[in-house]
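Below is one structure, written out as structure tokens; comments come after it.
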Amino acid sequence: MTVKLVYFAWVRERIGKPEEEIDLPDDVKTVRDLLSHLKTQGDEYEAALQYPEVIRVALDQEHVEHNEKIGSAREIGIFPPMTGG
Amino acid sequence: MTVKLVYFAWVRERIGKPEEEIDLPDDVKTVRDLLSHLKTQGDEYEAALQYPEVIRVALDQEHVEHNEKIGSAREIGIFPPMTGG
Amino acid sequence: MTIVPLIRVQAQDFDIRAEIDALTGGRHDIGAVVTFTGLCRDEQGTLSALELEHYPGMAEAEMRRIGRSAIERFALLGLTAIHRYGRIAPGENIVLVVATAPHRQAAFDGANFMMDFLKTAAPFWKKEHGTNGSAGDWVAAKDADDRAREKWR
Amino acid sequence: MTIVPLIRVQAQDFDIRAEIDALTGGRHDIGAVVTFTGLCRDEQGTLSALELEHYPGMAEAEMRRIGRSAIERFALLGLTAIHRYGRIAPGENIVLVVATAPHRQAAFDGANFMMDFLKTAAPFWKKEHGTNGSAGDWVAAKDADDRAREKWR
């Protein structure tokens, strides 16, 4: 399954691109699985996702916990804790 | 001693005037004494001060409790609970 | 430098943007501005106007006392409070509070505190005039307003 | 009738008076308007600008979710939230919330709730640019902002 990943703030800067399409490996079921998988994709991913517990994820623009199943989500947002307002 | 009494809202309407100067009798020491004294001054005062416990009093434009001594206050405000804002 | 509250009691309306600008203009240390505006409601069409009476001199003095407490308690950078008197129609402004602070909770608390004490301690009284031409009743003080003060103990 | 929050995410500044008028104009049932404006501070002269990044689409959607919760929870009569993005200089506006209600505490709570959740759940990120020409650091999320949400449990 192909999904669109979108990155923001220092996650975007460290990975070095704002978005990309990837094919999800069959064994990537949850958000946590996805973060672990991405971390193995190179130094830039390792730098961005070094502490996965602080990373926030949205499936189709809704916040989810790391144990959430990715299911049929088409767009996955990956970003640091928010600092707006 | 002469003091200026100023009335507001329904206290003013019932007494029928916005202010007056009176001579304080010697035995009027506290705010409570003053309210009791005024109540004997006619039906309009009786109507205004029927329930003295709800009446608020300010000495020289500062809120005081009924047991406060009048002392050297020159202006005594007498009015119902406030409803601004 | 001691920060003093800006207090006005007036018949005319106020301009909220001008009042905010007066507190924030030219400074770069304010992170939060909270305003409260109180308006006249028509009470489901039964009210044609409010008439606001006040104790001249004491109204300003009491608002200033409350404002000084708010500035000190919440470390506000500025505080403005304006209360109108006279006849006020439904939809019109009655009262404005503007509180500024470095951070948001102080600004919220400052404005909220100012309003809770203004309601129960500033010498203003409201009379309601009905759309049926009734001469008008004085608004009764609300227990809820006295209780609202308790949260600041 | 369901009341829906008015949500905007924009680069340009906002006009607080126009936003208040949009919620209050022509109605006579609103007794209280509370506004919150968040401004860019210069951090004792060390900050030359904030750069605000957001997640287009999700920023609006999340603000709308928070706004709907605020309207329902506090029975608001109206709620507007506007968040800017891009480069913002000290003294400039960042965010505006306007909440209207029949009575004051609901308006205060509605605006305060909206801000607490907007800070921690709406996808915006601030980068600080220093007056010393430094490239800029991302602002760290504050524990105090997470704790601020706890008061609404």
Side-chain angles (χ1 to χ4, degrees), chain A residues 2-22 31-32 34-35 38-39 43-85, chain D residues 7 9-10 36-41 50-66 81-86 88 93-97 111-128 135-146 148-149:
Chain A
T2 303
V3 294
K4 180 180 174 189
L5 304 182
V6 292
Y7 307 124
F8 294 95
W10 52 256
V11 172
R12 171 181 57 70
E13 287 184 342
R14 291 181 192 175
I15 291 178
K17 48 189 148 189
E19 60 180 72
E20 63 184 318
E21 302 244 333
I22 68 161
V31 166
R32 184 172 289 112
L34 172 63
L35 295 177
L38 285 173
K39 239 175 119 171
D43 288 352
E44 62 275 33
Y45 291 91
E46 170 69 32
L49 305 174
Q50 187 178 7
Y51 303 104
E53 63 277 14
V54 307
I55 299 294
R56 307 299 176 95
V57 176
L59 297 182
D60 289 336
Q61 308 195 348
E62 285 207 43
H63 293 295
V64 295
E65 301 293 333
H66 287 195
N67 60 5
E68 188 81 13
K69 289 215 168 60
I70 291 170
S72 60
R74 302 293 306 124
E75 179 177 299
I76 304 179
I78 301 178
F79 42 80
M82 291 141 284
T83 56
Chain D
I7 302 297
V9 176
Q10 62 189 36
F36 174 86
T37 310
L39 294 93
C40 176
R41 283 175 286 117
L50 283 177
E51 194 182 321
L52 267 140
E53 178 169 336
H54 73 296
Y55 184 165
M58 182 173 169
E60 293 86 342
E62 189 63 25
M63 287 169 71
R64 197 164 288 116
R65 283 189 280 269
I66 302 166
I82 302 173
H83 204 301
R84 295 180 67 194
Y85 62 86
I88 294 178
N93 294 321
I94 299 171
V95 61
L96 174 68
V97 170
N112 199 344
F113 175 99
M114 182 80 209
M115 279 308 303
D116 279 346
F117 283 85
L118 191 155
K119 281 246 170 194
T120 50
F124 292 88
W125 300 271
K126 290 193 187 101
K127 191 178 213 176
E128 295 180 331
D137 287 323
W138 292 99
V139 171
K142 291 190 190 69
D143 289 344
D145 286 329
D146 287 327
R149 288 168 65 142

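Computed over heavy atoms, backbone and side chain alike; hydrogens, waters and symmetry mates excluded. What you see is a predicted model; the values in this text were computed from it and never measured.
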Of all the heavy-atom pairs spanning [X] and [Y], show the shortest one and how long it is.
X       : Y        : answer
A/Phe8  : D/Pro56  : CE2-CD, 4.1 Å
A/Thr83 : D/Trp125 : OG1-CA, 3.3 Å
A/Gln61 : D/Met58  : OE1-N, 3.1 Å

Problem set entry | Heavy-atom proximity to chain D below 4.5 Å, by part of A/Val6 |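 Interface part for A/Val6: side chain.
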Problem set entry | Per-residue contact mode, A/Glu62 against chain D (heavy atom under 4.5 angstrom) |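 Both parts, backbone and side chain.
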For this session: Please look at D/Ala140 and chain A and tell me whether the side chain, the backbone, both or neither of the residue comes under 4.5 angstrom of a heavy atom of that chain.
Result: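 Looking at D/Ala140, just its backbone touches chain A.
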Problem set entry | Proximity breakdown for D/Arg65 and chain A, heavy-atom pairs closer than 4.5 Å |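 The side chain, not the backbone.
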Problem set entry | Close side-chain approach of A/Glu13 and D/Lys127, heavy atoms under 4.5 Å |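 A side-chain contact under 4.5 Å exists here.
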Problem set entry | Reported CH2-to-CZ distance for the pair D/Trp138 and A/Arg12, which is rounded to 0.5 angstrom |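 If I round to the nearest 0.5 Å, the distance is 5.0 Å.
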Exercise. Taking everything shown except A/Asp43 itself, do over 12 heavy atoms lie less than 6.0 Å from its CG?
Worked result: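 No, not enclosed.
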Exercise. Should the heavy atoms of other residues, nucleotides or ligands under 6.0 Å from CD of A/Glu53 be counted, would the total exceed 12?
Worked result: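 Correct, the count exceeds 12.
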For this session: For D/Phe113, enumerate each residue passing the ring-ring contact (aromatic ring centres under 6.0 Å, His included) test, keeping only those at least two apart in sequence or located in another chain.
Result: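 Per chain and number, D/Phe113 pairs via ring-ring contact (aromatic ring centres under 6.0 Å, His included) with D/Phe74, D/Phe117, D/Trp152.
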Problem set entry | Under 3.5 Å: donor-acceptor pair, side chain of A/His63, backbone of D/Ala121 |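 Side chain of A/His63 to backbone of D/Ala121, a donor-acceptor pair under 3.5 Å: yes, one is there.
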For this session: Name the option with the most non-hydrogen atom pairs under 4.5 Å to chain A; the candidates are D/Asp145, D/Asp146, D/Leu118, D/Val139.
Result: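 So the answer, after comparing D/Asp145, D/Asp146, D/Leu118, D/Val139, is D/Val139.
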